[in-house]
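Every chain is numbered from 1 and lettered A, B, ... according to where its sequence line falls, protein lines coming before strand lines.
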Amino acid sequence: MIDLEPSYNHQEYESKWYQNSLKHNYFKAVVDPQKKPFTILMPPPNVTSQLHMGHGLGYSIQDLLTRWKRMKGLNACWLPGTDHAGIATQMMVEKELEKEGLTRKGLGREKFFQRLSDWKDKYGGMILDQFKTMGFSCDWDRLAYTMDPKLSEAVRYVFVELFREGLIYRGERLVNWDTVLQTAISDDEVETIEVSGSLYFYRYPIEGTDEFIPIATTRPETMLGDTAVAVNAADERFQHLIGKQVRLPFVDRLIPVIADDYVKSEFGTGAVKITPAHDPNDFDIGKRHQLPFINVMTDSGTMADNTPTPFRGMDRFQARKEVIKQLKALSLFDEEKPYKTTIPHSERSKTVIEPRLSHQWFVSMKELAEPAAAAARDGKLQFHPETWKKTYLYWLDNIQDWCISRQLWWGHRIPIWYCSDCQGITTGLTDPSVCEHCQSNKIVQDEDVLDTWFSSWLWPLSPFGWPAQKNEVQDLTYFNPTDVLVTAPEIIFLWVARMVMANLKFKGDLPFKHVYFNATVCDKQGRKFSKTLGNGIDPLEVVNKYGADAVRFTAISLAPLGGRVRMDVGDFENGARFVNKIWNAARFMFQHLQPDQKLPELNKLSLTLAEKWLIHRLRESAERVNQHLENFRVNDAVEELHHFIWGAFCDWGLECAKTDLVSDVAADKIRALSVLVYVLEGALRLAHPVMPFVSEELWSKLPAHPDWGPRAASLCIARFPEAFEIPSFAEEAIQWKSVQEIISGIRSVRAQMGLPPKQELPAHIRVDPFLTEVVKSAEDWIKRLGRADSVKSGVDIKRPGQSLTAIGRGFEVFLPVHGLIDIAKERARLQSEVQRIQKIVGGLKSKLDNENFVARAPEDVLEQTRSQKQNLEEQLLALSQNIKALED
RNA sequence: GGGGAUUUAGCUCAGCUGGUUAGAGCAUCUGCCUUACAAGCAGAGGGUCGGGGGUUCGAAUCCCUCAAUCCCCACCA
């Protein structure tokens, strides 16, 4: 016998097996032209982040797919890495500095950068150790980091290349300015939030008349930067004012009244103040009409020096109040109306975005976007679920240029040098010492760094050695295009689409064939997990409590493709119970096994009906699991596994085998063991990609079965079961289902009639001819599982007086009770059964009476309906006879 | 304002291109310590498939419409 503790203790095995896999390099993938690669790029978590359930789910799915393909003999490469996450990381360190009373600017660029590097070395990568406790089978030798020298080189290369092609340009634009972080952020890092604000109404005096032009605005403070008032040319109220001048209060500037179609006469007053330097629409109008652009705010969102007192130096929101107050003092203010509007906020600092005119670097996107869109349209790039394709295409078809400069210090510094002599711009793969235009050495590097996504969009390329030329390039051509990208839908634009563009641009093909969007993890109320709500589940906590296998299994089984998954800590108990169930199933078998047990091949045995069914059932499961995984239906795959192991293997397979396992007949025992070991091994192989630890531990103890061929050194690299290699017993599987129906029927009747479990009854089973052999051979099982002290079966079995009855297709079971039960109760039970079936038969009958149905329904449907009706009518007849017989 | 998604048992969800009596897990109820697992076993109850209309012999499934919830995109001052 092989000894196992009564319950599975994950702490004892997880680390052991993980270390074992590392030691033997099972997760390592090296280029091998003989083997087909299977590659997954890990979406690099922020280097300073902690594992959360979103990772837990997404990466468990990636590991499931990776391990599955690895077992299928592919050269599986799951590439891990981290992202330097410019803004997020810099914010963390700045907060630290704040506690020490320091500031970034006080520290200076170099020292600050050093601080960040130290921080990264100290806290960065903790998440990677957390991945290891989850059992993720990444190729750790390939660990990449977006600021690695190799990867930074790729960033530099791409910048220079795109610059030389004219796809990177410097422009003065309105950018989303974060006044707290004092940097421009991309549109994709802005979230618009609906707020209840006000719409303010006031007037500007028309110069040279005593007329006024009424204005409505949500942002009065920007009036200090107004350079025009716009009306619609068709608006009769204001036509006579077009071309006139307005005297702007406080600043005393004369600005024109202009006509522009943008203005909608019905909104507000029909006249709009134009502040080209502080509003995107006004910016466009300003360009159209060659208006001046006056920036009236500082980097931190206070009113700039070019504004008059008392506004100068005021915070923008305070200035708003002050402007109103002053307008009132001039009797120019009319009213304030409550107004709901959407205001852009910074995702990072949560502050209100200030549109701000500034010099930034941009990537011209149209040319890059077109092939990326085409790839999805052609179906070469596939999304799962497919509905995201539309979103992806919509974005690409309406693409805006990408602002890639960030006023941060943490990141890749923009490789641009400005010459103060000739104003020329110099770039290059190495840092220049002189201006390439005038050879002056008075050049200074741009202060800004690149957007983090400007390095992560190269993730399919740079970790494989691109653009270097040597042997690493083999990695690139071997592993890229990768197979599937598993990520969150939130970053479809920020990351997914851009990787597609970069790979197409620089390598000429797609970075991946499939994009799988995993579910968003929410709490039971359907709210997203978030730090501020504190409603998240810490994966490490649950791993500690339930084990990595349980967490992985639970997370995956709960998560449908896309959509959202509602999760609760208690859910993980299900996973733990399942893991324990497997453990105990094995434990039970191990009691009857020797460590070096020799087991006969299946085809040398004369298998029982139940055994054939069980093997066939394994075959079905192998087929389904593979199929589900092919289709990225990971939760279905895992569900199937659960069904098979619990519902089929344990509840029926092991139960039926029990008598054989303790049998004195050696042949019966060894036969039963051979089947069970064979099937358990198959189950463990199927389970391994989801539950690597418990499966490996049990597998290592399980004696080898000849039908699975030579043993691999580890379950990690054992063959994943394919349906075709498992014997097929389709006919027996169907026959066994009748036996199951008989047993379930008996159990159900007994339970409903409240018979004490210890009370055994003889079972008399009348069977239709097609089932006689089957039922005959199953008498022992029926006896044991149906709690019968004896079983008689045959075509001509008669009802033995007062009996309970269980009826099904092709059989009628009688359990003589002789006054043990309440006859009235049994009659009622049978009558309700009669009613239930009558209702169904009634439905079938009316269908068949419908001429149209008979005329138009396909033959097989018709046939099915007829045979079903006949079958149920037979049951009805039997039932009514039984009710009558109860009176005897 | 545009686009997308969801709505099936008390809860979380399956039900693919329309065709057996709409399923599973959890929860509930009943009975069981039956020689692995009480983290277990056996059994049971529970749904007019969001409302309304339509197409069809036949609709949870296809079409229209309404409602609710959610997400994404968008410059209406």
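The same atom, P, is picked in B:A60 and in B:G53; the two are 14 Å apart, to the nearest Å. Rounded to whole Å, the separation between the C1' atoms of B:C29 and B:C13 comes to 23 Å. Here the separation of B:G10 from B:G45, taken at their P atoms, is 15 Å to the nearest Å. Using C1' as the reference atom, B:C76 and B:U69 are 27 Å apart when rounded to the nearest Å. The same atom, P, is picked in B:C63 and in B:A5; the two are 11 Å apart, to the nearest Å. For the P atoms, the distance from B:G3 to B:U55 is 28 Å, rounded to whole Å. When the C1' atom is used for both B:G46 and B:A22, the distance is 14 Å, rounded to whole Å. Atom name C1', nucleotides B:A14 and B:G51: the rounded distance is 24 Å, in whole Å.
The side chain of A:Arg566 places an N or O atom within less than 4.0 Å of a non-bridging phosphate oxygen (OP1 or OP2) of B:C13. Note on A:Arg633: a side-chain N or O is less than 4.0 Å away from OP1 or OP2 of B:G15. At B:C41, one or more side-chain N or O atoms of A:Trp646 fall inside 4.0 Å of OP1 or OP2 (strictly under the cut-off). For A:Lys581, a side-chain nitrogen or oxygen approaches OP1 or OP2 of B:C41 to under 4.0 Å. The phosphate of B:G2 has neither OP1 nor OP2 within less than 4.0 Å of any side-chain N or O from A:Tyr394. In this model, the phosphate group of B:A44 is approached by a side-chain N or O of A:Ser748 to a distance below 4.0 Å at OP1 or OP2. Put simply, A:Gln864 has no side-chain N or O that comes within less than 4.0 Å of OP1 or OP2 on B:G19. At B:G40, one or more side-chain N or O atoms of A:Arg577 fall inside 4.0 Å of OP1 or OP2 (strictly under the cut-off).
Comparing B:A77, B:U21, B:C76 by their nearest atom to the side chain of A:Val263 picks out B:A77. Distances from the side chain of A:Leu654 to the nucleotides B:A36, B:G19, B:A77 place B:A36 closest. For A:Pro858, the side-chain atoms get nearest to B:G19 when compared with the rest of B:G19, B:C26, B:C73. The side chain of A:Ile840 lies closest to B:U21 when the candidates are B:A77, B:U21, B:A24. Among the nucleotides B:G31, B:C72, B:A36, the one closest to the side chain of A:Pro757 is B:G31. Here the side chain of A:Lys758 is nearest to one of B:G19, B:A77, B:C33, namely B:C33. Checking B:G19, B:A36, B:C32 against the side-chain heavy atoms of A:Asn584 singles out B:A36 as nearest.
Taking the six-membered ring where the residue is Trp, A:Tyr200 and A:Phe333 present tilted rings, their angle falling between 30° and 60°.
Judged by Watson-Crick or G-U wobble contacts below 3.5 Å, the nucleotide B:U69 has B:A5 as its partner. With a 3.5 Å ceiling on both atom-pair distances, B:U55 lacks any Watson-Crick or G-U wobble partner. Base pairing annotation: B:G31 forms a Watson-Crick or G-U wobble pair with B:C41, both donor-acceptor distances under 3.5 Å. Nucleotide B:G47 has no partner under the Watson-Crick or G-U criteria, as no pair reaches both atom distances under 3.5 Å.
Atom CG of A:Asp261 is separated from atom C1' of B:C75 by 16 Å (rounded to the nearest Å). To the nearest angstrom, P of B:A38 lies 15 Å from CH2 of A:Trp583. Rounded to a whole Å, the CD1 atom of A:Ile399 is 11 Å from the P atom of B:A74. For the pair A:Trp652 CH2 and B:C41 C1', the interatomic distance rounds to 12 Å; values are reported in whole Å. Atom CG of A:Asn574 is separated from atom P of B:A27 by 7 Å (rounded to the nearest Å). Atom C1' of nucleotide B:G58 and atom CG of A:Asp860 are separated by 14 Å, given to the nearest angstrom. A:Gln752 has its CD atom 17 Å from the P atom of B:C32, to the nearest Å. A:Glu833 has its CD atom 10 Å from the P atom of B:A44, to the nearest Å.
Between the side chain of A:Arg836 and the base of B:U21 there is at least one donor-acceptor pair of N/O atoms closer than 3.5 Å. In terms of polar N and O atoms assigned as donor or acceptor, the side chain of A:Glu655 comes within less than 3.5 Å of the base of B:A36 in a complementary pairing.
Looking at heavy-atom distances under 4.0 Å, A:Leu872 makes contact with a base. Using a 4.0 Å heavy-atom distance criterion, A:Arg784 is classed as making no nucleic acid contact. Within the nucleic acid shown, A:Phe572 has no heavy atom closer than 4.0 Å to any nucleic acid atom. If you check every strand for non-hydrogen atoms under 4.0 Å, A:Lys658 touches a base. Contact annotation for A:Tyr262: base contact, defined as any heavy-atom pair under 4.0 Å involving a base atom. Residue A:Val579 is classed as having no contact, given no heavy-atom separation below 4.0 Å to the nucleic acid. No engagement by A:Ile837 is indicated, since no non-hydrogen atom pair under 4.0 Å with the nucleic acid exists. Using a 4.0 Å heavy-atom distance criterion, A:Asn580 is classed as a base contact. Counting non-hydrogen atoms under 4.0 angstrom, A:Asp651 reaches the backbone sugars and phosphates but no base.
Using modelled atom types and a 3.5 Å distance limit, the side chains of A:Ser621 and A:Arg617 yield a donor-acceptor pair. No side-chain donor-acceptor contact under 3.5 Å links A:Ser867 and A:Glu863.
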Chi angles and distances behind the side chain to side chain contact (heavy atoms under 4.5 Å, CB included) call for A:Ile746, A:Arg787: CA-CA 8 Å; A:Ile746 294 173; A:Arg787 297 203 161 266; over 6 Å; no

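Counting only distance, with no hydrogens or angles, the side chain of A:His592 and the backbone of A:Leu673 share no donor-acceptor pair below 3.5 Å.
Side-chain contact between A:Phe267 and A:Val272: absent, with no pair of heavy atoms (C-beta onward) separated by less than 4.5 Å. With contacts defined as side-chain heavy-atom distances shorter than 4.5 Å, the pair A:Leu558/A:Asn635 does not qualify. The shortest distance between side-chain heavy atoms of A:Ser7 and A:Asn580 falls below 4.5 Å.
The environment of A:Gln400 atom CD is sparse: at most 12 non-hydrogen atoms of other residues, nucleotides or ligands sit within 6.0 angstrom. Atom CD of A:Glu386 has 12 or fewer heavy atoms from other residues, nucleotides or ligands within 6.0 Å.
Residue order along RNA chain B, read from the 5' end via each residue's closest nucleotide, puts A:His642 first among A:Asp279 and A:His642. Annotation: of the two residues near RNA chain B, A:Gly270 and A:Ala751, the 5′-most nearest-nucleotide partner is A:Ala751.
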